[in-house]
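These notes concern the structure reproduced below.
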Amino acid sequence: MILLTGLVGVLLVLTAEAKVGNAEGTECTETKECLLYELVCDTGEYEVRKYGAAKWVSTKEKSLTMDLAQMAAFKRLFGYISGENERGKKIEMTAPVIVEIPEKNFWERVNFTMSFLLPSEYQQNPPRATNDEVYIHEMPEMQMYVQSYGGWMTSFSDYYHARCLKDVLDEEEAMYGTKYHYGVSYNSPMTLFNRHNEVWVKVVGKPVCSSSGGMFN
Ligand SMILES: *[C@@H]1O[C@H](CO)[C@@H](O)[C@H](O)[C@H]1NC(C)=O
């Protein structure tokens, strides 16, 4: 029993260490730490990435549009990292910030879930939030189809790029998660240039890495 507990402990330490780390050379240009991943392939139209399990601090906001939900959700999570947690800790901002965006009709109000990645220092033992709308959430290991774009992430740009990515995936007959996708951003709202955003769509089954759009297929 003791041995088993020890082993689980070692495994937890190993997984936590590898997944959140130094942002140098990554898409995270404004933070010290970033969610790291393994690039499975890059077809030119999309990438397939493998992410390890990691802990996030999350909050849900029910709204008609992501733009409205983002503001309230961001404020709540920013409160958590500014000290609204049971240890009164100031926690460093990391990247990316992700929003789980349900696929919906435009008139439907749904829950948008925004999450900040916890820095490596807090991956093991994050303080609980004092706001009961804010919670710690562990996302399991996952593979994502990823398309990147510049400018600002808005309901419109996110919808457009999610649609483009899914059209390409449909052409490839790739299987993917259809209940929601993620809107992923890497920059402070104050940053004007070289902004980077992504759409993530969950890989279902074996990832498809070919690209039939190319001349050689
Ligand atoms: C949104 O989240 C709240 C709180 O977790 C839950 O009670 C509600 O059923 C959810 N609504 C939808 C539309 O998913």
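Being a predicted model, the structure only gives us computed values, none of them experimental. Read the numbers this way: they start at 1 and go in the same order the structure lists the ligands and their atoms.
- E30 and T191 share a donor-acceptor pair across their side chains, judged by distance under 3.5 Å alone.
- Other residues, nucleotides and ligands place no more than 12 heavy atoms under 6.0 Å from the NZ atom of K75.
- Under the 4.0 angstrom criterion, atom 4 (C) of ligand 1 counts as lacking any protein heavy-atom contact.
- Distance screen at 4.0 Å: atom 7 (O) of ligand 1 has no protein heavy-atom neighbour inside the cut-off.
- When distances from atom 14 (O) of ligand 1 to the protein are checked, a heavy atom turns up under 4.0 Å.
- Residues Y180 and Y182 place their aromatic rings such that the two centres sit under 6.0 Å apart.
- Of the candidates K202, E103, H161, H181 forms a side-chain hydrogen bond (donor to acceptor under 3.5 Å, both in side chains) with just one, namely E103.
- Of the protein's non-hydrogen atoms, the one nearest atom 2 (O) of ligand 1 is N111 ND2, 2.3 Å.
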